[in-house]
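Note sheet for the following structure.
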Amino acid sequence: PPWTKGYLPDGKFKELRDLSFTVDTLTEELKRLKGGPWLKEVVDHTDNLATLNDEPPVKMFMYSAHDTTVAPILHTLGVFNGLAPPYASLILLETFRRQSDTTDLYLRVSYHNETGKPPYVLTLPGCQEMCPLSQFKEITARYIPDDILKECGLDDEESGGTMRRVTLIAALSSSVMAATVLVATLSTICCKRKHDTDIDFPETRYQRVGTNET
């Protein structure tokens with residue numbers, strides 16, 4: 001209807017859609033819990049590359065993601081533009097080593113969100129486009145959890161017991177539901193078969209056909 005044009009696909013609907021991509025990382029704590037684990041993995045991989053712990057070193061890591069994954073990472077890094085990531089968007093985090101400076105690696109963050117155009121190079125707040133690894137680690141340190149399970153309250157014995165109980169109850173409930181469906185299905189099939197055998201068919205009388213022998 002014409003009245004929807006002020007709301008869909010742009011207008012208020014677009015405002016709410018874009019806003020929804022900031023909810024998961026709206027606070028500093030949420031950024032730490034949502035984007036921090038991935039940043040920790042990036043830093044670990046880069047540290048391995050810097051110290052050449054991997055023989056031969058792994059040169060590329062690829063992660064499958066959704067728009068609800070891309071936006072929180074950008075928001076955690078402080079470079080999110082506030083717009084819902086379109087289809088086929090991706091974040092590129094490249095590592096460089098300058099020949100004139102072998103003491104540090106440099107990281108460059110890019111965002112590809114337009115078909116047919118090169119990725120946009122992003123500048124992290126407090127750094128430059130080619131951000132030294134040491135400075136990158138300083139900027140992101142507050143978002144990297146030491147123990148994500150502990151910060152989520154899942155590492156102590158009480159929480160572990162609660163999780164086990166919830167898992168057990170969920171498994172039992174699923175089993176009971178499956179058994180109920182199975183019994184109901186079998187009962188329906190048996191009742192149908194019994195009903196079919198109980199149908200009264202009209203009595204049929206057979207009469208010998210006379211034959212004339214010659």
Review point. Are Val181 and Ile189 joined in one hydrophobic group, where the rule is that I, L, V, M, F, W and Y side chains link up if heavy atoms are under 4.5 Å apart?
Key: no
Exercise for review: Enter the distance from Asp10:CG to Lys14:NZ here, rounded to the nearest 0.5 Å.
Suggested key: 6.5 Å
Review point. So, the side chain of His112 versus the backbone of Lys117: is there a donor-acceptor pair under 3.5 Å, distance only?
Key: yes
Point to revise | Side chain proximity check, Arg108 to Val121, heavy atoms < 4.5 angstrom | key: yes
Check your understanding: Gln135 side chain to Tyr106 main-chain N or O, any donor-acceptor pair under 3.5 Å?
Key -> no
Practice item. Describe, in one word, how the ring planes of Tyr63 and Trp38 are oriented to each other, choosing from parallel (under 30°), tilted (30 to 60°) and perpendicular (over 60°). Key: perpendicular
Exercise for review: Determine whether the side chains of Tyr143 and Glu28 contain a donor N or O and an acceptor N or O closer than 3.5 Å.
Suggested key: yes
Study note, to complete from the structure: Residues Pro72 and Asp67: closest non-hydrogen pair is CD-O, 4.2 Å
Check your understanding: When rounded to the nearest 0.5 angstrom, what is the spacing between CD1 in Ile139 and OG in Ser134?
Key -> 9.5 Å
Review point. Going only through I, L, V, M, F, W and Y residues with side-chain contacts under 4.5 Å, is there a path from Val79 to Leu133?
Key: yes
Practice item. Mind checking the NZ-OG1 spacing from Lys34 to Thr27? Nearest 0.5 Å is all I need. Key: 12.5 Å
Review point. Between CZ of Phe61 and OG1 of Thr95, what distance do you get to the nearest 0.5 Å?
Key: 10.0 Å
Practice item. Run the salt-bridge test on Glu29 and Arg32 with the 4.0 Å N-O cut-off and return the result as yes or no. Key: no
